[in-house]
Amino acid sequence: MANVYDGFKVAEEIKKALKEKVTQQSNQQVRVPHLAIIAAGDNPGNVYFVRRIIEGASEIGFRITLSKFPFQPQMIELNHLLDNLQNPHTQVDGIYVQLPLPDRLNEVQIISKVPWAKDVGDLRLGLSEASNVPTSEVSVTSAPAVLKVLEDQHWNPEGKQVLIVGESNLVKPLAMLLLEKKAIITIAENYSDPLKAQCQAADLIVSAVGKPNILNGSMIKKDSIVIDAGFSLDEKGNPCGDVDTASVKEVASLVTPMPGGVDETYISLILQNTWNSYLRRTQ
């Protein structure tokens with residue numbers, strides 16, 4: 001039976017360490033880290049994930065600025081907002097843009113305006129300057145968050161067969177980072193009939209489709225690692241992932257649930273990156 005990755009536990013350890021540091025700053029009457037979050041539209045998944053980020057940031061004592069556009073904003077509005085957030089007087093240390101944005105907004109242009117030093121969600125890693133294909137899946141993790149899961153398990157990608165399923169902004173940067181570690185990469189842009197054969201050949205599967213339970217235990221190789229990076233809401237409005245965790249954990253060596261897996265790891269890295277940016281700006 002697989003080890004079920006506890007993203008909540010990992011996140012709590014990171015948040016506990018950050019809270020101690022932020023409390024020290026506050027006690028010394030020094031300004032605390034400032035995280036700016038931008039969200040547009042009414043995607044229920046976005047609402048859920050932004051709430052989780054705010055809860056985590058509030059718990060450790062960050063200052064938070066949420067710019068929420070309930071309807072479709074104009075590009076000029078978002079560009080103006082991003083210009084303001086980069087003004088030194090705002091003292092913003094990290095900027096996070098929740099994806100997907102409404103269809104008619106140019107995601108590449110918007111994310112490109114977030115400076116690398118303040119891109120605490122690692123969104124620029126997934127940019128393709130040659131295209132502007134809107135993101136369809138709710139962005140709930142990043143390539144560095146997936147790598148952290150693998151590093152925590154002391155898993156070496158070299159020579160391993162890796163299958164990445166989906167078309168989200170996670171796919172390209174994760175593939176590139178794993179290629180650098182000499183993994184053998186296969187990308188399935190969507191789930192289809194050949195998916196089972198591809199899964200059964202893979203040592204690591206990362207699914208970021210956003211469709212409930214498209215992967216189950218009958219589809220995967222024994223002792224493989226399965227990372228659920230998909231996000232959707234079930235018929236009751238509860239968050240769920242791509243993977244049927246109950247059946248997969250009977251076959252895999254490790255499975256990450258959704259929620260409570262790489263999503264929570266990602267949130268903790270957003271907070272850690274904000275702290276790191278704060279240190280660069282204040283020291």
Is it true that a side-chain atom of [X] and a backbone atom of [Y] form a donor plus acceptor pair closer than 3.5 Å?
X      : Y      : value
Ser268 : Ala11  : no
Asp234 : Cys240 : no
Asp242 : Lys211 : yes
Ser277 : Lys118 : no
Asp263 : Gly261 : yes
Thr90  : Asn87  : yes
Gln86  : Pro115 : no
Ser112 : Val108 : yes

Side-chain heavy atoms under 4.5 angstrom apart, residues restricted to Ile, Leu, Val, Met, Phe, Trp, Tyr: same cluster for [X] and [Y]?
X      : Y      : result
Val50  : Val262 : yes
Val114 : Ile76  : no
Val47  : Leu99  : no
Leu18  : Ile53  : yes
Phe69  : Ile64  : yes

Which heavy-atom pair separates [X] from [Y] by the least distance, and what is that distance?
X      : Y      : value
Leu269 : Ala145 : CD1-CA, 3.5 Å
Ala252 : Ser224 : CB-O, 3.2 Å
Ile214 : Ser207 : CD1-OG, 3.9 Å
Pro257 : Thr245 : CA-OG1, 4.1 Å
Val146 : Val206 : CG1-CG2, 4.4 Å
Val171 : Gly166 : CG2-O, 3.5 Å

From [atom1] ([X]) to [atom2] ([Y]), nearest 0.5 Å:
X      : Y      : atom1 : atom2 : value
Ile60  : Lys19  : CD1   : NZ    : 9.5 Å
Gln153 : Ile225 : CD    : CD1   : 6.5 Å
Ile95  : Leu81  : CD1   : CG    : 8.0 Å
Thr23  : Gln28  : OG1   : CD    : 11.0 Å
Gln272 : Ile14  : CD    : CD1   : 6.5 Å
Trp155 : Lys181 : CH2   : NZ    : 11.0 Å

In terms of the angle between their ring planes, are Tyr266 and Phe49 parallel, tilted or perpendicular, with boundaries placed at 30° and 60°?
->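 Rings of Tyr266 and Phe49: parallel, as their planes differ by under 30°.
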Step by step, would you call Val4 with Leu254 a side chain to side chain contact (heavy atoms under 4.5 Å, CB included)?
-> CA-CA 6 Å; Val4 178; Leu254 175 75; over 6 Å; no
Would a 4.5 Å heavy-atom cut-off, applied to side chains only, mark [X] and [Y] as touching?
X      : Y      : answer
Leu105 : Pro73  : yes
Lys222 : Gln200 : no
Val22  : Trp275 : yes
Leu178 : Ile185 : yes
Trp116 : Leu125 : yes
Leu123 : Asn169 : yes
Cys199 : Leu163 : yes
Asp122 : Pro173 : no

Test side-chain hydrogen bond (donor to acceptor under 3.5 Å, both in side chains) on Asp244 and Ser247 and set out the steps.
-> CA-CA 6 Å; Asp244 176 13; Ser247 66; 2.9 Å; yes
Would you find more than 12 non-hydrogen atoms of other residues, nucleotides or ligands less than 6.0 Å from Met75 atom CE?
-> yes
Asp42, CG: over 12 other non-hydrogen atoms inside 6.0 angstrom =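 Check fails, neighbour count at 12 or below.
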Going through the checks in order, is the salt bridge (charged side-chain N to carboxylate O under 4.0 Å, His left out) test met by Glu12 and Lys16?
-> CA-CA 6 Å; Glu12 283 305 313; Lys16 180 180 178 181; over 6 Å; no
Begin from the C-alpha positions of Lys15 and Glu59 and carry the test salt bridge (charged side-chain N to carboxylate O under 4.0 Å, His left out) through to its verdict.
-> CA-CA 8 Å; Lys15 288 190 291 185; Glu59 181 182 338; 3.3 Å; yes
From Gln25, Lys21, Gln283, His34, residue fulfilling side chain to side chain donor-acceptor pair (under 3.5 Å) relative to Tyr278 |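 Between Tyr278 and the candidates, side chain to side chain donor-acceptor pair (under 3.5 Å) is satisfied uniquely by Gln25.
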Using the salt bridge (charged side-chain N to carboxylate O under 4.0 Å, His left out) rule, pick out the option among Arg281, Arg280, Arg63 that qualifies with Asp93.
->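 Of the listed options, the one satisfying the test is Arg281.
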Can Glu151 and Lys148 be counted as an ion pair, charged N to O under 4.0 angstrom?
->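 No salt bridge links Glu151 with Lys148.
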Side-chain ion pair, Glu264 and Arg52, N-O less than 4.0 Å | yes
Test side chain to side chain contact (heavy atoms under 4.5 Å, CB included) on Val149 and Ile227 and set out the steps.
-> CA-CA 9 Å; Val149 173; Ile227 294 181; 4.2 Å; yes
Criterion side chain to side chain contact (heavy atoms under 4.5 Å, CB included) on Val162 and Asp203, from CA distance to verdict = CA-CA 6 Å; Val162 176; Asp203 301 300; over 6 Å; no
Kindly indicate, with the supporting measurements, whether the criterion side chain to side chain contact (heavy atoms under 4.5 Å, CB included) is fulfilled by Ile54 and Leu66.
-> CA-CA 9 Å; Ile54 292 174; Leu66 172 62; 3.8 Å; yes
